[in-house]
Amino acid sequence: MVDAHRALIPALGLLLWGLPVAGAQTLYVQSRDVAVRAQPNYAAPVIATLERGTALEASRLADSASTWQEISHAGARAWVPRSMVAASPPMARFSVTEWLAQIGRTLSTHVDSRRRISDSSLVVTGVRGLEAEERERLSLRHDRADFKALEKLEAIRLDEVEVIQFLDARGAP
Amino acid sequence: MSIARRAVTRRVRWMVALLLALTVGVAIVHASDARRRASDNIVFAGPASAEDIKAEIRFGREVGARVLGRHALEDHTALTRYVNLVGRGLALNSARPELEFYFGVVRSDAINAYATPGGYVFVTTAALHVMQDEAELAAVLAHEIAHVTERHIVRALKIRGAAASPEALLAQIVGSVGDPARTALQLAVDQALEILFDRGLDKENELDADRYATLMLVNSGYDPQALKRYLTRVRGLRADATAEVSRTHPSFSERLLHLKAVLARDGVGEMQLTKARTRFATNTKNLGENP
């Protein structure tokens, strides 16, 4: 009987190992807003619309092949598109143009001093996954860069309100 | 000990053994299921830090500038603005709100579109000529947005090192100084260009991007059949115009078959949503001119 009790210990250990991640998971809306549906189907009625950053409770995470993420909404089961939620709160928009203005030059020559590493192991890091033939082939590439054209593209200013108005003006199917 | 008592003891031992076996079985299933769900959580997780995002954008700029070195940017302000309105409308429904997406039209006879990490998306003039409505343009842009949000190129780079993820490794390479770092960065940029123009991504990545694109269309209010319609039309065009897209993507037949399955699921294909044909025609009528 003593041996039997000892055998229970690893079993309880396994149970405890799984417990910390077995509870409800909080997810956050990443898209501008998300339609919450009563069934995992686009034909199902929309029961609520939640804004970016809203926290959702999921009892079970959908796998990456799923279209839908089941959540708990107002005490009932509901579904949102899986591709519009994530486990972390949404990050603030990162402005490339502000970043360029801050550092005062094009990023093609910019180096972030906080991440400076001057280590020849980086070359090893960079090529370790490559076969000799691949390295040889890549060394023959001579792609010209046009940063001026890229900066022209980055200079386009569109605020979110304008984009939403544009979407709303599409009209009926 | 009496015979009766021995029998009871034996029975109790059997029951304890059975209970133990059941407990261990349940514990293993429970623990592995919980860990599997935790690993799914990794798929849900965003980038680790602002530094990783900066590195992704800087790398994407390096690759994007070379795309524009190969194919000139169509210098057409109204058209570029229109394509950006469509693309940014879609990006509002993506899971990467931290990225500012940029969309450009590039001059090329190849019917194709390209995306570089960090949010730079390019569609060729030849592809625009084939499209018949805004939903088809949105479909192509959404496919490229999916490559960015899923970090397909960064994950396809053959870079290995001590860092925990390809993203962190890329950040290490991009954020470093000196000749070794420049060489490593150049190799990564060259690999990305080879993926875009010659080798292509894995078939699974491309089919996934088609699926995400179709769902993004629905979530954004565009006709979910648009990508299927566009690919069906492109399949029937002359081989020289489709050579690049055929070389870097799964066959049209395979993509269309996969899309058929995507549209058949979850009520997606039944949605009657906008094609915005007139607006597309108005905004692209001067394609090729430079007002």
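Everything quoted here is computed from the prediction, not taken from an experiment. Atoms considered below: every heavy atom in the structure, side chains included; atoms not considered: hydrogens, waters and symmetry mates. Throughout, protein chains are lettered first and strands after them, A, B, ... in sequence-line order, and every chain is numbered starting at 1.
Going from atom CZ of B:F103 over to atom CG of A:L158 covers 10.5 Å, rounded to the nearest 0.5 Å. We find the CZ-CZ distance between A:R144 and B:R70 to be 12.5 Å, quoted to the nearest 0.5 Å. The distance from the CG atom of A:D146 to the NE2 atom of B:H71 is 13.0 Å, given to the nearest 0.5 Å.
Here the closest non-hydrogen pair linking B:R88 and A:I156 is NH2-O, 3.7 Å. Residue A:F94 comes nearest to B:I57 through the heavy atom pair CD2-CD1, 3.3 Å, listed as atom of the first residue, atom of the second, then distance. Looking at every heavy atom in both residues, A:E154 comes nearest to B:Y102 through CA-CE2, 3.4 Å. The nearest pair of heavy atoms linking B:P97 to A:R93 is O-NE, 2.9 Å. Scanning all heavy atoms of the two residues, the minimum distance from B:D266 to A:T67 falls at OD2-OG1, 2.8 Å. When all heavy atoms are compared, the tightest approach of A:R52 to B:L92 is NH2-O, 3.9 Å.
The part of B:F122 that comes within reach of chain A is its side chain, from C-beta onward, which places non-hydrogen atoms under 4.5 angstrom from that chain. Residue B:E134 touches chain A through its side chain alone, counting heavy-atom pairs closer than 4.5 Å. The contact between B:D198 and chain A is made entirely by side chain atoms (from C-beta outward), counting heavy-atom distances below 4.5 Å. For a residue to count as touching a neighbouring chain, one of its non-hydrogen atoms must lie under 4.5 Å from one of that chain's; by this rule B:Y222 touches chain A with backbone and side chain alike. No part of A:A44 comes within reach of chain B, as not one of its non-hydrogen atoms sits under 4.5 angstrom from that chain. For A:E162, the parts lying near chain B are the backbone and the side chain together; criterion is any non-hydrogen pair under 4.5 Å. At a 4.5 Å heavy-atom cutoff, the contact between B:V86 and chain A is made by backbone and side-chain atoms alike. Interface residue A:P81: only side-chain heavy atoms are found under 4.5 Å from chain B. For A:A149, the parts sitting under 4.5 Å from any heavy atom of chain B are the backbone and the side chain alike. With a 4.5 angstrom heavy-atom cutoff, B:F280 does not touch chain A via any of its atoms.
The shortest distance between side-chain heavy atoms of A:K148 and B:L68 does not fall below 4.5 Å. Contact of the A:F166 side chain with the B:R81 side chain is not registered, since no non-hydrogen atoms from C-beta on lie closer than 4.5 Å. A:E98 has its side chain out of reach of B:E100: every pair of non-hydrogen atoms, C-beta onward, lies at least 4.5 Å apart.
No hydrogens or angles considered: nothing links the side chains of A:Y42 and B:E270 as a donor-acceptor pair under 3.5 Å.
Heavy-atom pairs under 4.5 Å with chain A peak, among B:L157, B:L215, B:T278, at B:L215. Options B:G89, B:A72, B:A276 differ in how many heavy-atom pairs under 4.5 Å they form with chain A, and the most are formed by B:G89. Of the listed residues (B:L185, B:L193, B:N84, B:L73), the one with the most heavy-atom contacts under 4.5 Å to chain A is B:L193. Taking B:L99, B:V268, B:T80 one by one and counting their heavy-atom pairs under 4.5 Å with chain A, the maximum is reached by B:L99.
Panel note: side chain A:R32, backbone B:N93; no donor-acceptor pair is recorded below 3.5 Å. Checked by atom type and distance alone, the side chain of B:R211 pairs as donor or acceptor with a backbone atom of A:A65 at under 3.5 Å.
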- Item | Pair B:T149-A:S83, side-chain contact (heavy atoms from CB on, under 4.5 Å): steps then yes or no | CA-CA 10 Å; B:T149 59; A:S83 61; over 6 Å; no
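Taking A:D33 as the reference, nothing meets the salt bridge (charged side-chain N to carboxylate O under 4.0 Å, His left out) condition, with sequence neighbours excluded.
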